[in-house]
Each structure stands twice: as structure tokens, then as C-alpha cells.
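The model shown is predicted, which means the values in this text are computed figures rather than measured ones. Residue numbers begin at 1 in each chain, while the letters A, B, ... track the order of the sequences.
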Protein chains: 4
Amino acid sequence: MASPPTSPALRAKYDRRRAQLVLDAAAVFARSGYDQTSVAELTDELDLAAGGLYHYFAGKEQLLIGICDELMEPILTTARQIAATDDSASDRLRALVRAWVAHVVEHRDHMLVFQQERHVIEHGAQWKGVRESRKAFERLVERLLGEAIDEGAATGDRRVLLSALLGMVNHTAQWYRPGGRVKVDALADGYVQLVCRR
Amino acid sequence: MASPPTSPALRAKYDRRRAQLVLDAAAVFARSGYDQTSVAELTDELDLAAGGLYHYFAGKEQLLIGICDELMEPILTTARQIAATDDSASDRLRALVRAWVAHVVEHRDHMLVFQQERHVIEHGAQWKGVRESRKAFERLVERLLGEAIDEGAATGDRRVLLSALLGMVNHTAQWYRPGGRVKVDALADGYVQLVCRR
Amino acid sequence: MASPPTSPALRAKYDRRRAQLVLDAAAVFARSGYDQTSVAELTDELDLAAGGLYHYFAGKEQLLIGICDELMEPILTTARQIAATDDSASDRLRALVRAWVAHVVEHRDHMLVFQQERHVIEHGAQWKGVRESRKAFERLVERLLGEAIDEGAATGDRRVLLSALLGMVNHTAQWYRPGGRVKVDALADGYVQLVCRR
Amino acid sequence: MASPPTSPALRAKYDRRRAQLVLDAAAVFARSGYDQTSVAELTDELDLAAGGLYHYFAGKEQLLIGICDELMEPILTTARQIAATDDSASDRLRALVRAWVAHVVEHRDHMLVFQQERHVIEHGAQWKGVRESRKAFERLVERLLGEAIDEGAATGDRRVLLSALLGMVNHTAQWYRPGGRVKVDALADGYVQLVCRR
DNA sequence: TATGAATGAGCCTTCATTCAT
DNA sequence: CATGAATGAAGGCTCATTCAT
């Protein structure tokens, strides 16, 4: 892989291009499968020659890491901010789920790619960073659920509630299409009600 | 691939061995990844030489189909039987979710492999049968949920409830270990309560 | 490969079976191709299990050798007898070509298999015997042609006449079907006329 | 297989290389046998790494098709031109056989490979084009022979004469070496005399 | 003799990656 | 920066052959 340009102007252009490539690649992988898409097929769709990709990424896997990072980091940051407010646990939970569902819907391709390669990500050494982000996010949700239970806003086993919430929200990527009958916030609120009402 | 033996005695032995291979392969794939496990690695763990697999399966993918069939068919049959009883919708739903969660837990390996290869299964032509089974099962759950709503046992959007239930139950395979604190039936009942209580 | 039985009665039965297998294999190979037919496919058509073949032949190639021997040896013997008579060169040539064409037609399968594997036979060390037979036969035809030229029954370059005769007679296997309009002897006589008339 | 370059300059280079590979492969296969030569052995002799072949050909068989096309198409075109002239049938026949023998001699490798794989070519579905060319050529020769018979330049059964001519000319590849005693045109004329003189 | 499960070397092909231009 | 030809390791699969039954 070539090093990025050092001149600031060129560096900005380079970074823009790189980010766009991650985005486009996410779409291609979501549609055609990460493993099932060869670098040749990918670069075809990216309007790049086979070798051109390696100016921006050290390898195919770096693209996958880029996709996962774009998926995890913003929602983790947002979740931390929401969790840190003074609202009631159930209010913070609702806000978090809304942001989370919106993020999943907006990053549907990223999510689908992440789920395709879940097994690899959970086991490979080079995936530690992504794994840590996922775990941090889940712990955060779990803490909030615990507080909601303590508050009386939810009942049941915290671990079970967490798993249910993770399952239902993440599964959203498999079927939800924006612009359909169900609005994102309504969907998020629906999920929260399932977990919170007694 | 060799044809199966025609003599009944040998055929039974052949079928037993084949079924066991599917079972063992599910375990290997669940642990090491379907795509990440070469046939050589697989047959190593199956105590077979590389070519030996092809006496029982026409290709690596047939193994995957075998795994998916073992996963889908029994639960679809069971679900149909449960749905056909005279109990109330919420009782049938609870029974179905109990059976379903138990099946997921007992076939954890199968489930994890299925989820690994979900993208391929949803798109490949040779996967039509497996896809139909999945859809039939989901329609069945959806119908039951609709009845539960009509009965007043559940409230909310049927489509959303369906997706939530699918998400939470299937996600169970990612974390649940039998012999832990949470019992299977309690877990299933917990899921049903989330969906059903008002 | 198991050794043949020593008891004369059993040995005769064994030899009969072996000869029949060569015959049947020739038909299968002629139709489906020697290289394109696996031992499994072959033994299927021979009503034998895969391993059964190895009671009669040390390997697939021994079958091919058997086919070639059945093809070469009788015609070589016959040709030698014909060449040794006191008839004129052109009469002996006619007699030889008649016998030869009849042999090719009756052993069409053998011939087609021989031609399929001609390259292997011409180069492999284990094929020396078959090669020698072919060369001996061709030398015999060449000598006869030389005599026919000396006699004035034919004109032209001996080497060219030989090659033409070999080409036309052997090519017969590619198209001739017994029972058609052209009779075998007429065909043979036609070939001889091409070579002999002035 | 990679798609050919779109830029005209590169495309020309690509086509040149591809054509040269077909030529070189014909020589290798003629010597070592198409079936007996692994892609690894072939690419060794082609000064290419194992995978490199697949930039130019979708598979080993495409090489064979390329070889056969180079063999059939030029002679078919030439034969059509010769047949369309106003010369007498026997003159056209002589011209055709001269061109044909020259082609066989110049494409000895192609011819030997074609004959090696004759069985496959006559039966495989993907070989229809090559088969049609062969048949078209043979029909053309047959028509010319018929005219020669009608003209009184040849006598005998048209079908037999055709088969004889095909056999002798094609067999030439098995033994003729350019630079020997017999010149190509003399050889061709010798063949024509066999067929034509009364 | 006969069976068919099992072997394992070898095959063709794919594909992420490199590098001269 | 970009190209695309070339690499070579690794993959899934075939098949002649062996051997316990």
C-alpha cells in the first residue's frame, strides 16, 4: 500500500476518496456478499482497476475494517453522550434506541456486511478493536437496561432483556426499508415499549 | 459422489454415517467458520481423508444444505402441529416459542452456521428449498401473532412484533449456553411476555 | 491384482470372463471415451463393483492394453499368413486389405479406442509391445506395396502409397457401419483399386 | 478470466500474446498430449505462472478450442474460395488438396492435438462450432468429388472416395516432416492421382 | 470372488496481492 | 495516482487404486 499524500490539500482529497470507497464498497458487499465478491468484481463497480484499491487500503480486509469502524464508532459515541445525560433511564433508553435504530437503518449496508462476517470478526486477532467497540456498546445498553429495571420502568432479567433488544434492533437491517409504512422513530419506540412496559 | 448403496442394511449404515457427518460438520463450521474451513481441515476433524467426504456429499455446499435442512424441517413440522391445536393464540404462541427456543439451543451449531451463510442462502438458486422453509416458518409465526393481537393478548404492529420476535429468538444462538442460569423455558416465556403483555 | 485361479476349470471361466470384460470395456470406451470414463462409470456398465475390476486387471491401463492386443495380434497373424502365400503381390495385397478392413469393421470399438489413445500408446514405455505390433504390420504392408510396384501393379512412391492406404483403411472406423449400402469387401476392393490401378 | 483490455493499443498486444499462447500450447500438447499435460506443466513451458493462463483463456479447454479454430477456419475459407472458381472439378480438387495438405503440414501440431481429442470434440456440446466447420469442409470436398466423378475425372463411389481422401490427407500429420524427400505439392498431387486417375 | 468405503495424490481454477509501466 | 499483467498459494474436487469384510 502506498502512503497517503503528505500535502494537506492532497491529503484531504485522498481522505474523501477513501471514505467514498468504503461507502461504495459497503453497498457492493451488502448486495453481493463480502466473501463472494472478488477484488476484481469490487473494483469494477468502484470504477478502479484491480491494483488501484491498494493505494487506499492495504488489503481487502482493511476495507471491511473501514466499514465496521464507520458502523461502530459513531453510534458508540452517540450512545455515550445519551447515556451521560440526566434524563430518566427509560428516557435515555428510548433516546438511545431511536439513535441506534436510525443508525442501523442509515447504515444498513454496513450492518449487513458486519453480520455476514460476524464470525470472522469475533475470532480474528486483527479484529480486536471492532470487537471492543461492540462489547462497549452492549455493556452500555446493558447498564441502561439495569437502571431502567431499578427505576421500575422495565421488569425481567437484565441479560435476557439485553439480548432481546440487541436481537430485535440488529435484525432490523434484514428487512427494514426506509420510506415504508413504519417510520424509524415509531419502530424504535415500539422496540422500547416491548422492553419497558410492565 | 458415489451413489448410496442399494442393499437396505448398507443403506442404513450409509445414512447413519452421513447424518453423523452433517452433525459433526455443523460443530466444526460453527467453531471455525464455513468459509474459513477448507475441506481438508474439515475432513481432518471428521477422521476422513480429503476425498472421503465425497462418498456422502456431492460437494461442500451439500453439507451446508444438510445442516440447514436439519435445522429448518423439524421446527417447521413442530410449529405446524402447535399452530393446528385448539388452544388460545397466546397459548399456542408460547408453546411455539418454547419449542423454537429449545430447537435453537439444541441446534446452536446449525443456527450459527446458517447465520454465517445467510447471505449466500438468501441469494443462491440452489437454496430455494431452505429459503421456502424459512419463509413458511415466519409466515406461521406472523399468523399466530396476528391472532394474538386479535385476541387482545398482544398489542402493536404485527410486522414489528414478528421482526422483534424473530430477532430476539434467533439471536439467542449467539450467546446462550445450556446449563447456565437461565433455563430454556424461562427464556422462551420471557420472550413471549415481551411480545404479549400489554 | 489377485492372481488368476490355478485350477484349470476355474482358470477357463476366469479367462472367459476377462475376455468378455475387455470386449465390453471396448464398447464403453469407444462410446464414452477412455479418458472420459472413470473406473466407477465403467464398472457400472460392466455390472461389477469398482474394486471387482482389479481381480482381472492390474489397472485401467491393462484394459487398454488388452483392447489393443485384441486389435493388433489377430490381424498381424493373418497378415503374415497372407503375405507368405505364393499369390501375386496385388492378389496378396487385395487379400490383406480385405482382411484388414473386415478386422477394422469388426473391431470398430477397439479401433476407436486405439485411435483415442494413440498419443499415449506412441509415447509410453509400457506400450512398446503394442507399438512393435503396429510397426510390424505397417512394414508388412509396405513390403507388399513395394512388391506390387515392382510387379507393375501399382505406381508411385511406396512411402506415399503406404501412408495413403493406412490413412484410408484406419479412417474407416470413424464412419463405416456394417449393414449399410457399401459391403466390406467392396470397400476393401475400392481401396485397393485406388492404390493399384495405374 | 480477466476481460480483455478496452484500449486499442493494449488490446492489440493482448490479442497478439493470446494468439502466440495458442500456438505455443499447440506445440506442447502435440508433443506431450493434451490430457497428459497439466496446466502447471503447460504454463511452465509457456513461461507463465500457473494462474497467468487465465488472463487469456477461461479454461484449459478454451485453449483447445483456440487451437481447433486456428486449424479449421483458414482452410475452410480457402477451400470455399477454391471451390468457387471456374476451373474444372479435377483442377479445383487438385488445388484444394494442395492447400489442404500444405495446411495440415504447416499446422501439424494443431492437427495432432485435434486428432488426440477427436472423441471429445465429436461429443461435447461446447464443440458444436468446431464440429460444424469440420462437417462443412467435408461436405465441400464431397461435392467436389461428386463433380469430378460427373466430369469423368474420377470413378468409384463418392462416399468411399471422400473417406479415402479424408483418411489419407489427415493421416499425413502423423508422419510427414517438412524438409524431407517428398515435397508437399508432390504429396498432394500423389493423393489426387490416387483418387482421380481412372 | 465380490463389495464399496476409504485413500491421497493430483487436477483445474480462483483470487488477493504485487509491480513495472 | 492509476493501470492491468502477472504471481503463486490455496481451494474444492476427481479418480485410480486398495483393503477389510
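Near DNA chain E, meaning a heavy atom under 4.0 Å away, the residues from residues 31-68 of chain D are D:Thr37, D:Ser38, D:Val39, D:Gly51, D:Tyr54, D:Gly59, D:Lys60.
C:Arg17 has a side-chain polar atom (N or O) that falls below the 4.0 Å cut-off from OP1 or OP2 of E:dA2.
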- Message: Could you spell out the base pairing of DNA chain F as a dot-bracket line? Use Watson-Crick and G-U wobble contacts where both distances are under 3.5 Å, [ ] for crossing pairs, | for partners on a different strand.
- Response: .||||||||||||||||||||

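Sorted by first and then second residue, the salt bridge (charged side-chain N to carboxylate O under 4.0 Å, His left out) pairs with a member in residues 9-26 of chain D read D:Arg11-D:Asp15; sequence neighbours excluded. Sequence neighbours left out, the pairs with a member in residues 62-72 of chain D that pass side-chain hydrogen bond (donor to acceptor under 3.5 Å, both in side chains) are D:Glu70-D:His110.
In terms of the salt bridge (charged side-chain N to carboxylate O under 4.0 Å, His left out) criterion, A:Glu41 has no residue partners (sequence neighbours excluded). Residues that satisfy the salt bridge (charged side-chain N to carboxylate O under 4.0 Å, His left out) test with C:Glu61, not counting sequence neighbours, are absent from this structure. In this view, A:Glu132 satisfies the salt bridge (charged side-chain N to carboxylate O under 4.0 Å, His left out) rule with no residue, not counting sequence neighbours. Shown here are the ring-ring contact (aromatic ring centres under 6.0 Å, His included) partners of B:Tyr34, two or more places apart in sequence or in another chain: B:Phe29. A:Arg131 pairs by the salt bridge (charged side-chain N to carboxylate O under 4.0 Å, His left out) definition with nothing, not counting sequence neighbours. Not a single ring-ring contact (aromatic ring centres under 6.0 Å, His included) links B:His55 to another residue, sequence neighbours left out. In terms of the ring-ring contact (aromatic ring centres under 6.0 Å, His included) criterion, residue partners of B:Tyr14 (sequence neighbours excluded) are, by chain and number, B:Tyr56.
Under a 3.5 Å cut-off, the side chain of B:His119 and the backbone N or O of A:Gly33 do form a donor-acceptor pair.
DNA chain F is contacted by both D:Tyr14 and A:Leu10; A:Leu10 maps to the nucleotide lying nearer its 5′ end (nearest heavy atom per residue).
Protein chain C contacts DNA chain F from F:dA16 to F:dT18, reading 5' to 3' and using non-hydrogen atoms of the protein with a distance under 4.0 Å.
Remark: the separation of the C1' atoms in E:dT1 and F:dT21 is 13 Å, to the nearest Å.
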